[in-house]
Amino acid sequence: MTTYRLAACAEMLYLDLPFVERVKRIHERGFLVEIWDWSNKDLEALAATGAEFSSMTGYLRGDLTTKAGREALLATARESLAAAEILDSPRLNLHGTGLGDGGIPVVPHEHTTGEDWVHAAETLRQVAELGQAAGRIFVLENLNLAVDHPGVPFARAADTLALVRGVNHPHLRLNLDLYHAQIGEGNLVSLVTEALPWVGEIQVADVPGRCEPGTGEIRYEAVASALRSLGYEGVIGMEAWASGDSDAALDAFAAAFGDGR
Ligand SMILES: O=C(O)C(=O)CO
């Protein structure tokens with residue numbers, strides 16, 4: 001018996017279909033749906049699909065370490081909360097800084113100072129309060145620095161965990177991405193065990209290649225078994241490319257996690 005629910009990222013599957021059709025397909029397959037940047041989407045059309053959304057990007061610009069970045073992040077987090085109302089998305093995703101083309105930070109800032117940490121914690125506290133007022137949860141995602149997102153501050157899972165723990169606000173949780181964590185840190189079962197009280201959502205893909213479970217080095221069946229033993233009741237989202245057919249990728253994901261639809 002699974003205690004969690006499965007979601008899939010519409011940005012990375014059914015790439016030959018228009019976006020709204022991708023959302024419909026994922027929904028028809030019984031998965032919750034995740035999206036990234038909401039500002040370039042027809043939100044009313046997405047809502048009209050009847051899909052249940054799990055998460056979306058929770059800001060458009062800004063960063064955690066500068067004054068101007070905080071202002072931009074809070075302003076666009078407010079706009080994102082309005083978009084989340086339309087989709088009824090419970091979780092809004094954040095990164096240590098705004099990402100530009102190809103996932104590269106708009107302003108790279110990999111090496112953080114003590115002052116950066118204090119500034120980031122205060123920014124996140126203010127974002128969490130916005131979430132609380134709107135009844136939604138912001139989640140801070142760990143990213144990998146080696147392959148996809150060089151230059152992102154607070155990218156490691158250990159960093160996002162420290163920040164979320166430090167802020168200690170019920171409307172700020174982790175988006176614990178196990179693909180990124182495997183590249184940067186590994187030790188996944190130990191990581192989920194430690195992080196679980198702070199997790200708002202878990203995301204998965206295999207390494208290398210960022211495709212569906214079973215295409216790489218991670219034994220997701222073992223991770224799934226640990227999550228079941230720990231009684232994880234949240235969402236596991238596949239944020240992965242399909243190595244071939246998107247339906248087959250979703251089948252492999254569901255099989256690795258003992259189904260959770
Ligand atoms: O690479 C990721 O995980 C992202 O969320 C990019 O938006």
Side-chain angles (χ1 to χ4, degrees), residues 7-13 15 19 22-23 26 32-41 53-64 72-73 76-77 80 83-84 87 89-110 124 127 137-161 163-164 172-185 188 191-192 195 199-213 215-216 218 220 235-242 249 253:
C9 178
E11 311 278 351
M12 300 176 85
L13 295 172
L15 298 183
F19 199 81
R22 297 184 204 175
V23 168
I26 292 169
L32 308 179
V33 178
E34 305 194 342
I35 68 165
W36 292 341
D37 184 348
W38 53 268
S39 68
N40 54 16
K41 314 251 174 356
F53 291 88
S54 171
S55 69
M56 52 179 268
T57 302
Y59 72 109
L60 300 175
R61 285 177 300 285
D63 61 66
L64 296 180
L73 192 124
T76 60
S80 302
L87 298 182
S89 172
R91 279 168 297 278
L92 291 92
N93 196 44
L94 302 170
H95 306 114
T97 190
L99 303 178
D101 287 346
I104 302 302
V106 178
V107 184
H109 186 72
E110 189 166 324
L124 289 168
V127 174
I137 294 184
F138 283 90
V139 288
L140 181 62
E141 183 180 12
N142 62 294
L143 298 171
N144 78 76
L145 293 161
V147 178
D148 300 289
H149 303 290
V152 172
F154 316 112
R156 297 179 315 140
D159 296 345
T160 55
L161 177 55
L163 279 169
V164 169
L172 179 71
R173 286 289 174 260
L174 294 169
N175 175 359
L176 184 61
D177 188 310
L178 298 181
Y179 160 77
H180 292 306
Q182 169 70 2
I183 292 172
E185 294 150 275
L188 297 184
L191 175 64
V192 294
V199 162
E201 150 153 20
I202 290 174
Q203 289 185 329
V204 300
D206 221 330
V207 176
R210 202 173 191 177
C211 289
E212 71 274 11
T215 54
I218 304 178
Y220 269 117
V235 169
I236 299 171
M238 185 174 88
E239 193 179 42
W241 309 110
F253 169 46

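All of these numbers come straight from a predicted model, not from anything done at the bench. As the structure lists them, so they are numbered: ligands from 1, and atoms in each ligand from 1.
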Undergrad: Among L94, V164, T160, which one satisfies side-chain contact (heavy atoms from CB on, under 4.5 Å) with L124?
TA: L94

Undergrad: Quick one: pull up CD in E11 and CE in M56 and give me the separation to the nearest 0.5 Å.
TA: 11.0 Å

Undergrad: Checking side chain to side chain donor-acceptor pair (under 3.5 Å) between N144 and each of H149, H180, E185, which is the one that passes?
TA: H180

Undergrad: Nearest 0.5 Å please: distance from the OH atom of Y179 over to the CG atom of D148.
TA: 3.5 Å

Undergrad: When you measure from the heavy atoms of H149 to every atom of ligand 1, does any distance fall below 4.0 Å?
TA: yes

Undergrad: Record the part of L143 in heavy-atom contact with ligand 1 below 4.0 Å; permitted values are side chain, backbone, both and neither.
TA: side chain

Undergrad: Below 4.0 angstrom from a heavy atom of H180, which ligand 1 atoms are there? Numbered from 1 as shown, please.
TA: 1 (O), 2 (C), 3 (O)

Undergrad: So for ligand 1, is E141 a polar contact partner (N or O within less than 3.5 Å, distance only)?
TA: yes

Undergrad: So is R210 touching ligand 1 or not, going by heavy atoms under 4.0 Å?
TA: yes

Undergrad: Report the distance from atom NE2 of H95 to atom CG of D177, rounding to the nearest 0.5 Å.
TA: 8.5 Å

Undergrad: So is Q203 touching ligand 1 or not, going by heavy atoms under 4.0 Å?
TA: no

Undergrad: To check your reading of the model: name the closest protein heavy atom to atom 7 (O) of ligand 1, its residue, and the distance in Å.
TA: H95 CE1, 3.8 Å

Undergrad: May I ask you to list the atoms of ligand 1 that are less than 4.0 angstrom from any heavy atom of E239?
TA: 2 (C), 3 (O), 4 (C), 5 (O)

Undergrad: After noting the C-alpha distance and the side-chain angles of H109 and D63, does the key distance pass the side chain to side chain contact (heavy atoms under 4.5 Å, CB included) rule?
TA: CA-CA 10 Å; H109 186 72; D63 61 66; over 6 Å; no

